[in-house]
Amino acid sequence: MKKLIVANWKLNPLRETDAIRLARVSDRDHTVICPPFVFLESVGKTLRRAKLGAQDAFWKESGPYTGEASPVQLKRLGVSYALIGHSSRRTELRETDAMINKKIRAALRAGLKVILCVGEPWNVRRKGLPAAKSFVRTQLQKDLAGIRTAKPTARNLIVAYEPIWAIGTGRADAPHDTIEISKFIKNLLAARYSLRAAKVLYGGSMTSRNAKSFVQYKEIDGALVGGASLKAEEIRTIISIATQQNGNR
Ligand code: PGA
């Protein structure tokens, strides 16, 4: 399976010219660039090889919803992927599993590929991997409840495992723990949703220095990269490390 690198720029950069410059250096195959909404159009016009991703998508197509962006509008703008349920939205904006569930359905209906973000806080992980697995299982069950009718397939539903304590902290997960959780997620998706061979990405303080220690394993299908995706040299190196793995199989 080809490795996928997803660049999540979050609320960066401030200027469109910087966004376009960053898009150019990240424009490679098997890469998804998720700029802030305001730069989706200009970054989309810049990309030739990478796909365009949104950092969120609302659950309604249109209507009286101030400040939201609809999955249908995003699709028409050239967006192919949507991050749903990122931990910063779950925590800072109190986004619930019920809201995330509605967003996933609407995004799939609109023809977007969903990158569903899950992951446990430190107070769970410190109790060990079984506790983390059970936390992630509950998130997946709630987020994907009744989702069969929205026809997810292994092609349009990707899971990003991002332990919250690893995001933006410089303290990445141990790859052997990520492998175990990734296998757990893949088994769950296959058993409960008949989703075989769904991609599971790792996210949380990935850099050019630790990228290989994750993406070299077949259980980890790529990465969701935040901070390092804003630095040209870093993201270029991470993408080329992932691409080398593609060449190896
Ligand atoms: P980070 O962010 O790479 O800066 O830890 C990852 C993410 O939040 O998607």
Side-chain angles (χ1 to χ4, degrees), residues 1-6 8 30 32 81-87 90 96-98 100-105 107-108 112-167 172-206 210-225 242 245-246 248-249:
M1 197 149 33
K2 300 278 191 214
K3 306 288 175 178
L4 184 71
I5 298 296
V6 182
N8 176 14
H30 311 297
V32 180
Y81 290 79
L83 297 178
I84 308 272
H86 190 277
S87 80
R90 291 179 189 260
T96 64
D97 290 302
I100 289 163
N101 180 264
K102 289 199 279 185
K103 288 184 172 188
I104 295 171
R105 290 163 187 256
L108 291 175
L112 294 173
K113 296 184 183 185
V114 168
I115 302 171
L116 168 62
C117 307
V118 296
E120 78 290 346
W122 179 246
N123 64 4
V124 170
R125 182 56 171 272
R126 58 193 274 274
K127 295 183 198 140
L129 275 188
K133 285 183 192 168
S134 134
F135 187 95
V136 167
R137 180 176 48 225
T138 305
Q139 278 185 324
L140 285 172
Q141 281 170 352
K142 289 182 178 171
D143 297 347
L144 297 176
I147 217 85
R148 253 178 230 275
T149 53
K151 292 201 178 48
T153 65
R155 276 194 68 243
N156 62 16
L157 185 78
I158 293 169
V159 173
Y161 170 61
E162 296 204 299
I164 296 172
W165 49 271
I167 297 176
D173 195 13
H176 54 266
D177 288 346
T178 301
I179 289 172
E180 199 170 324
I181 300 220
S182 176
K183 283 200 280 197
F184 174 77
I185 293 172
K186 284 172 189 266
N187 289 339
L188 193 80
L189 292 177
R192 293 188 69 108
Y193 305 97
S194 310
L195 284 178
R196 286 177 214 294
K199 274 187 160 72
V200 177
L201 314 179
Y202 168 73
S205 297
M206 178 165 282
N210 63 19
K212 188 169 180 204
S213 70
F214 288 95
V215 300
Q216 67 182 322
Y217 295 108
K218 67 177 190 324
E219 292 84 357
I220 303 173
D221 302 300
L224 180 49
V225 187
Q245 300 304 312
N246 290 340
N248 289 344
R249 55 199 65 232

How close do [X] and [Y] get, heavy atom to heavy atom, and via which atoms?
{"X": "K3", "Y": "H30", "answer": "O-CB, 3.3 Å"}
{"X": "Y202", "Y": "A172", "answer": "OH-CA, 3.6 Å"}
{"X": "L112", "Y": "A82", "answer": "CD1-CB, 4.1 Å"}
{"X": "V215", "Y": "A242", "answer": "CG2-CA, 4.3 Å"}
{"X": "P175", "Y": "F214", "answer": "CA-CE2, 3.8 Å"}

Problem - Qualifying side chain to side chain donor-acceptor pair (under 3.5 Å) pairs with a residue from residues 112-124, counting only residues at least two apart or across chains - result: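 Pairs touching residues 112-124 that pass the test: E120-R125, E120-Y161, E120-W165.
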
How long is the span from the [atom1] atom in [X] to the [atom2] atom in [Y], to the nearest 0.5 Å?
{"X": "K2", "Y": "K199", "atom1": "NZ", "atom2": "NZ", "value": "9.5 Å"}
{"X": "T96", "Y": "D143", "atom1": "OG1", "atom2": "CG", "value": "9.0 Å"}
{"X": "L157", "Y": "I147", "atom1": "CG", "atom2": "CD1", "value": "8.0 Å"}
{"X": "E162", "Y": "M206", "atom1": "CD", "atom2": "CE", "value": "10.5 Å"}
{"X": "C117", "Y": "N8", "atom1": "SG", "atom2": "CG", "value": "7.5 Å"}
{"X": "H86", "Y": "L224", "atom1": "NE2", "atom2": "CG", "value": "5.5 Å"}

Practice task
Using the side-chain contact (heavy atoms from CB on, under 4.5 Å) rule, pick out the option among V114, L108, N101 that qualifies with I84.
Solution key: V114

Show every donor-acceptor pair shorter than 3.5 Å between a side-chain atom in residues 127-142 and any protein atom, with sequence neighbours excluded, or say none if there are none.
from : atom 1 : to   : atom 2 : distance (Å)
K133 : NZ     : E180 : OE2    : 2.9
T138 : OG1    : S134 : O      : 3.0
Q139 : OE1    : G119 : N      : 2.9

